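Read the structure below first, then the notes.
Only this structure's heavy atoms are used, side chains among them; waters, hydrogens and symmetry mates stay out. Quantities reported herein were computed from a predicted structural model and do not represent experimental measurements.
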Amino acid sequence: LGISEVVAGLTHRGRMSLLAALFEYPKDELLRKLHGGSEFPNDSPHTGDMLVDLAKPGSVFYPDIESKINVDVLWNACHLESGMPVGMGKSRTKDINIARRKNDPNYVIGDNVLAVSLHGDSSFAGQGVVAESLSMSGLSHFTNGGTIHIVNNNQIGYTTPSSHTRMTRYASDIAKSFDMPIIHVNGENPEEVARAAHIAVAYRQKFRRDIVIDMWTFRKRGHNEIDEPSFTQPGMYSAIRARKSVPSQFEERLIASGKLTKEQAESVRRDWLNSLNMAFVSSAACDPVEPEKSHDWKLLTQSNGGYPVQKPTGVDLATLYQVGVDSVLQRDDIKVHPRIERFHVKPRLKRLHDGHGIDWATAEALAFGTLLREGYNVRLSGQDVGRGTFSQRHVMFVCQETEKVYVPLNNMGGAARGTQETKSLHNDGSGPYGKLEVVNSNLCEEAVVGFEYGVSTEDPFTLAIWEAQFGDFYNNSQAIVDGYIVSGETKWSQQNGLVMLLPHGFDGGGPDHSSCRLERHLMLSNDPVDGRSLEGFLPNVFVTYPSTPAQFFHLLRRQVKRNFRKPLIVAGPKTLLRLASATSSLSEMGPGTAFQPVLDDPLVHDPRIVRRVMMASGKLYYDLAKIKSEHPLGEHTAIVRIEELSPFPREALYNTLARYTSASDFVWVQEEPRNAGAYSFVAPRIKQLLPEHVELRYVGRPEHAATCSGVESQQAAEHAQLTSEAFVGLHGLVADLVIDNIANQHNQPAVNSSSSMEKPSSNILPASVQHRWSTQPIYAAQSSEQ
């Protein structure tokens, strides 16, 4: 068949038997786990998972093939079918990467890797992610050459009879909606099950499409070994207990046919029990071995802990200019829509020529193009991503006459380098360019995000991005975010570098088109509230709300230029996409530049006269900055942007705040309701950085059950009120400053004065900032990024 790898997604029930008997999972490690131990080495930082979610790469041998087949068993969160799209994404990516290494000119998707997915009957029929996954299994950017689905049909869902778990006759009937063949087979007949498997593999190899085996069987002991199923199914389990087990029936048939003797059967049974007993004895002193990493992942490492140092991700200005020009380069046989020519192509070329006014779409294209030149691949997935929800991206051109699609960044320099299915990674930029895969996905979230997570876990050198149509819509994928993206490394030692672009901002869009729920992502962060506990801290997710295109550019490049991988949540722009003041210059993306987790106020000329420091994130900065520029006392305020919310940038923010020696009023300003947004996350962390007895004030919307009002006029009035409230009381603060200055001139002690600040260091706290921790700096960890 040519299959060298299998990606296997397993169910909860029977998982340990399959791992031990088929996939060579060490039995002593399984028994150690069964006794309450960890599946990881004793000194591992990983916390592990339940028995029913265990996984470790294995291999199987068949007598009719020369080499073993590697089996990549998937870690699976307990949300049952959520692992289905993960396996699809992982198997497709693994298959394509093997083909790239072989450089096979006759390659067809699915030649090298077979995906096998096991399911329970009730979950296959009942969970929506199954329908989502099946519906995209044949789409060009999602197909993996066909998955073999095996429904282990126990005719019961936990304790719910099949008559209450579905409306259809068979649990597998959902597959009929997608023209997938279904093989029904009696699970009590192993020979027929094997025959069904042969047919399924032959079909998959011939047509490269999904196929389902519906194996009718039963659970001998109910949901688990200590369950009492007769509580709810007395009739069924009366019949089950009167039957011999499937192995016993099979053994009797083999002996009766002369294919096996009783002595041989007893010998097999005895050898198996002996191996279990030996494993039981050795499990007491067992120290498990860390799961083997693939070649690509061995090139990376874990972060050392603490806050990573920001390394330069800037690019030579000439290269940036050329990539920008190439990003809108047209081809003679592609007739571009005249509005794209007028409002997208020409303005981009002018901005590049001027070297300033670079908007978000251009900065993104520059990040993509420079990474492609360095040999990285980029996979951009989501609904309408080619054009962009707000018609801002246009990373692909559609011919107005033929509807042929053309991706300029895949033809940099005027000539295509390789094909969509080829890749060669050369970080020095000397090798073939990477490829940009533009994936306008089907209209679903959970399955697509699961798929992209699978891509990211398989290939750390592909920048995998999923963009929500609006940030609010990510909530359909919450099971993937919770169970895989933000917790997979902690549980399973499985890093991923998935980027989630979530358009966010209150601009009249209503309660379901305004918020990517920053508060939820921050709640999932493991950033310690107490900054002193940063030693050994391994951040699980990076949550950002950038305010400039240059910051966005650096975020995307940083994601794959580091030698470790972490998921990245970006609260992305909407109105900022075309806001003239929310632009950057090419020099901000040039050599020596990098992402800055904190941006100080560029309009502050004398920090000594600043009395109020406002802290905010994202687009609200521009509204506040406009009011500041028009306010007669605006020079006495500073607006500090926290661009990276988690891990919280303690040192960078501390150094910024320490400049404002006369400030006595510190305010957090946000447009989200008080029970949403970043306030509840940042407040306790900011308070630790402020002078003693100084509180952090909140300015923003009050608590609200919905994200925001759906009445545009009300939303606008609330916004005007909160932005103006941020400047209330400045006259009194400035008056205090004047009194202090007069007192200083007459050498009198001032009531409200603060002494000059010393330069912050790792050993000295500024005199004017008497921190609550008087013996050590608040940014204790001085870690470096490898």
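By the salt bridge (Lys or Arg N to Asp or Glu O under 4.0 Å) test, R557 is found to be paired with E374, residues two or more places apart in sequence or in another chain being considered. Checked against ring-ring contact (aromatic ring centres under 6.0 Å, His included), F553 has no partners two or more places apart in sequence or in another chain. Shown here are the side-chain contact (heavy atoms from CB on, under 4.5 Å) partners of Q559, two or more places apart in sequence or in another chain: L463, V499, L568.
In this structure the side chain of F368 reaches within 4.5 angstrom of the side chain of I465, judged on heavy atoms. Contact check for V570 versus L502: no side-chain heavy atoms found under the 4.5 Å cut-off.
Under the 3.5 Å distance criterion, the side-chain polar atoms of T723 are left unmatched by any main-chain donor or acceptor of D623. Not a single donor-acceptor pair under 3.5 Å links the side chain of D472 to the backbone N or O of C516. Of the possible polar contacts, none joining the E644 side chain to the I642 backbone as a donor-acceptor pair under 3.5 Å is found. Not one N or O on the side chain of S547 forms a donor-acceptor pair closer than 3.5 Å with the backbone of G618. A donor-acceptor contact shorter than 3.5 Å is absent between the side chain of N526 and the backbone of F537. Put simply, the side chain of S724 gets close to the backbone of A720: a donor and an acceptor are under 3.5 Å apart. The main-chain N or O of N476 is never found under 3.5 Å from a side-chain atom of E445 such that the two would form a donor-acceptor pair. Of the possible polar contacts, one joining the S456 side chain to the G497 backbone as a donor-acceptor pair under 3.5 Å is found. In this structure a side-chain-to-backbone donor-acceptor pair under 3.5 Å is missing from D354 to H356. Checked by atom type and distance alone, the side chain of Q670 pairs as donor or acceptor with a backbone atom of P673 at under 3.5 Å.
Contact detail for V598 and P649: the closest heavy-atom pair is CG2-CG, 3.7 Å.
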Go through L576 and W360 one step at a time and tell me if the side-chain contact (heavy atoms from CB on, under 4.5 Å) criterion holds.
CA-CA 8 Å; L576 294 189; W360 292 77; 3.8 Å; yes

Step by step, work out the side-chain contact (heavy atoms from CB on, under 4.5 Å) result for V699 and W668.
CA-CA 6 Å; V699 172; W668 174 261; over 6 Å; no

Residues N496, R565; criterion side-chain contact (heavy atoms from CB on, under 4.5 Å); working and verdict
CA-CA 6 Å; N496 79 92; R565 296 291 178 264; over 6 Å; no

Might you work through the ring pair (Phe, Tyr, Trp, His ring centres under 6.0 Å) test for F542 and F595, ending with a clear yes or no?
CA-CA 13 Å; F542 284 73; F595 176 77; 9.2 Å; no

side-chain contact (heavy atoms from CB on, under 4.5 Å) assessment of N540 paired with S487:
CA-CA 7 Å; N540 68 322; S487 62; over 6 Å; no

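Here the straight-line distance linking atom CG of L522 with atom CG of D527 works out to 9.0 Å at 0.5 Å rounding. Interatomic distance, L577 CG to E364 CD, rounded to the nearest 0.5 Å: 9.0 Å. Here the straight-line distance linking atom CG of L366 with atom CG of L352 works out to 6.5 Å at 0.5 Å rounding. A distance of 14.0 Å separates CZ of R351 from OG of S585, quoted to the nearest 0.5 Å. Note that CG of L555 is 7.5 Å distant from CZ of F552, once rounded to the nearest 0.5 Å. Remark: T707 OG1 to E672 CD distance equals 9.5 Å, nearest 0.5 Å.
Between H719 and F506, the ring centre distance reaches or exceeds 6.0 Å. A distance of 6.0 Å or more separates the ring centres of F681 and H521. In this structure, Y321 has its ring center no closer than 6.0 Å to that of H353.
A salt bridge does not link E692 to K687: none of the charged side-chain nitrogens sits closer than 4.0 Å to a carboxylate oxygen. Under the 4.0 Å criterion applied to side-chain N and carboxylate O atoms, K628 and D601 are assigned as salt-bridge partners. The pair R393-D384 does not meet the salt-bridge criterion, since no charged nitrogen lies less than 4.0 angstrom from a carboxylate oxygen. Here D359 does not pair with R578 in a salt bridge; the nearest charged N to carboxylate O distance is not below 4.0 Å.
Pairs engaging residues 696-705 under the side-chain hydrogen bond (donor to acceptor under 3.5 Å, both in side chains) rule: D665-R697, R701-E718 [sequence neighbours left out]. Listed by first then second residue, pairs satisfying salt bridge (charged side-chain N to carboxylate O under 4.0 Å, His left out) with a partner in residues 503-520 read D507-K574, R517-E519, not counting sequence neighbours.
By the 6.0 Å contact criterion, CD on E725 is enclosed, its count of non-hydrogen atoms from other residues, nucleotides or ligands being greater than 12.
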Which pairs would a plain distance check flag for residues 631-640, meaning a side-chain donor or acceptor within less than 3.5 Å of a matching protein atom at least two apart in sequence or in another chain?
{"from": "H631", "atom 1": "ND1", "to": "L633", "atom 2": "N", "distance (Å)": "3.0"}
{"from": "H636", "atom 1": "ND1", "to": "I609", "atom 2": "O", "distance (Å)": "2.8"}
{"from": "T637", "atom 1": "OG1", "to": "G634", "atom 2": "O", "distance (Å)": "2.8"}

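No side-chain donor from either of R608 and S662 sits under 3.5 Å from a side-chain acceptor of the other.
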